[in-house]
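Proteins come first, then strands; the chains are lettered A, B, ... in the order of their sequence lines, and each starts at number 1.
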Protein chains: 2
Amino acid sequence: MKAKLLQFQQYLHRAGLKATRQRELIARAFFATTTHVSAEGLYRQVGGRNPRIGLVTVYRTLKLLKNAGLAHERQFGDGRGLFEHASSERHHDHIICTECGKITEFASCEIEALQEQIVRRLGFSIQYHKLELYGLCRDCGANVSRGPGKVSAIVAG
Amino acid sequence: MKAKLLQFQQYLHRAGLKATRQRELIARAFFATTTHVSAEGLYRQVGGRNPRIGLVTVYRTLKLLKNAGLAHERQFGDGRGLFEHASSERHHDHIICTECGKITEFASCEIEALQEQIVRRLGFSIQYHKLELYGLCRDCGANVSRGPGKVSAIVAG
DNA sequence: ATATCTGCAAAGACTTTGCAACCGC
DNA sequence: GCGGTTGCAAAGTCTTTGCAGATAT
């Protein structure tokens, strides 16, 4: 993770931006996450243990991380952006439980290959993709018909 | 398209809701769309030719259409919801040009089959999926390096 | 020293909700 | 007539922006 922080700082330097204390703390917290964080979530993690880092700065730093190519932003339909490391991006997609909201990652090279084929056939050049499957996870599939889920979960490994 | 309107009205009846003039007009306009509409967009189409139909009612009716299983809401990352017919939903996904925003639809049964496999392997039962490919379309791929702001680039080597 | 940053508050974009008047059934 | 519905305005989310004071280089 040290490496990514360094990459970020190099990016800042190259872009003529400053490596501030806040940016380092936010980036560090971001790289420490295991899955998908919202700006708000990262803010709570950082703000908890550090002196007054504003939510606004978290948003701005996440945008920098995106520009640096170190973060990807996703939208899983709940209206807000969730961020994840760019490096963990390699060949993985998401399956989201519509009941409890749990997000599981998976990878499929076969699917990726097919995507490439299709895209080429349509004259597009692919940059990236999002594949999201929605359904019931094992647990929720068992307990059918049970109130509103929405338990944000976050299952830290 | 008549059929879908009827389905909607049947849904309303079944749910003890009323088939109002506004709902019919909005549903009609929605079924007349060919691709993806935002609430705002549908509002403009309807509002233009009809007496005072509020944006709020469009939102509410789109929600009803979703509940009726006649519409699907998608989020392509620009922050707002886009709606499309559920019936055109059969086996198709999207490829979005990151340059001009053009959305093209495509279908792949092979990919769908693979998805099913994966999902089952993970213990999930699939309800629906979203596959979005992002890249440059033929036109934009030709005129490289032209974009407006958007050029995040800088990809750390 | 100075141009960039920060944090607060305020604005913005999109969507939902409260409420009095309204209209299907 | 009753209960759902409408449209306005207001509130609610999530995110961005304006600005004065603070800070990295």
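Atom P of nucleotide D/dT15 and atom CG of A/L65 are separated by 15 Å, given to the nearest angstrom. Rounding to whole angstrom units, CD of residue A/E24 and C1' of D/dA24 are separated by 13 Å. We find that CZ of B/R52 is positioned 9 Å from C1' of D/dC8, with the value rounded to whole Å. Rounding to whole angstrom units, CZ of residue B/R23 and P of D/dG4 are separated by 11 Å. In this structure, A/F76 atom CZ and D/dC14 atom P are separated by 16 Å, rounded to whole Å. One can place CG of A/L64 at 8 Å from P of C/dT6, the figure rounded to the nearest angstrom. The separation between A/Q10 atom CD and D/dT25 atom P is 14 Å, rounded to whole Å.
No donor-acceptor pair under 3.5 Å is formed between the side chain of B/H85 and the backbone N or O of B/A32. Using a distance-only test at 3.5 Å, with no hydrogens or angles considered, a donor-acceptor pair links the side chain of B/R138 to the main chain of A/L122.
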Letter by letter from the 5' end, nucleotides 20-25 of chain C scores (B base, S sugar-phosphate only, - none; protein heavy atoms under 4.0 Å) ----BS

Indicate for each nucleotide in nucleotides 10-19 of chain C, in 5' to 3' sequence, whether protein heavy atoms under 4.0 Å reach the base (B), only the sugar-phosphate (S), or nothing (-). ----SBBBB-

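Residues A/K130 and B/Y134 share a closest heavy-atom pair of NZ-OH, 3.7 Å. Of all heavy-atom pairs between B/C97 and B/L136, the closest is SG-CA, 4.0 Å. For the pair B/A86 and B/G69, the tightest heavy-atom approach, listed with the atom from each and the gap, is CB-O, 3.0 Å. Of all the heavy atoms in B/L17 and B/R23, the pair that sits closest is CB-NH1, 3.9 Å.
Screening A/I103, A/T104, A/L133 for a side chain to side chain contact (heavy atoms under 4.5 Å, CB included) involving A/I96 leaves a single residue, A/I103.
Judged by closest nucleotide on DNA chain C, A/G16 is the one of A/V58 and A/G16 placed further toward the 5' end.
Residues satisfying the side chain to side chain contact (heavy atoms under 4.5 Å, CB included) criterion with B/R80, sequence neighbours excluded, are B/S38, B/D78, B/L82.
Using modelled atom types, one finds no donor on one side chain facing an acceptor on the other under 3.5 Å when comparing A/E84 with A/H72.
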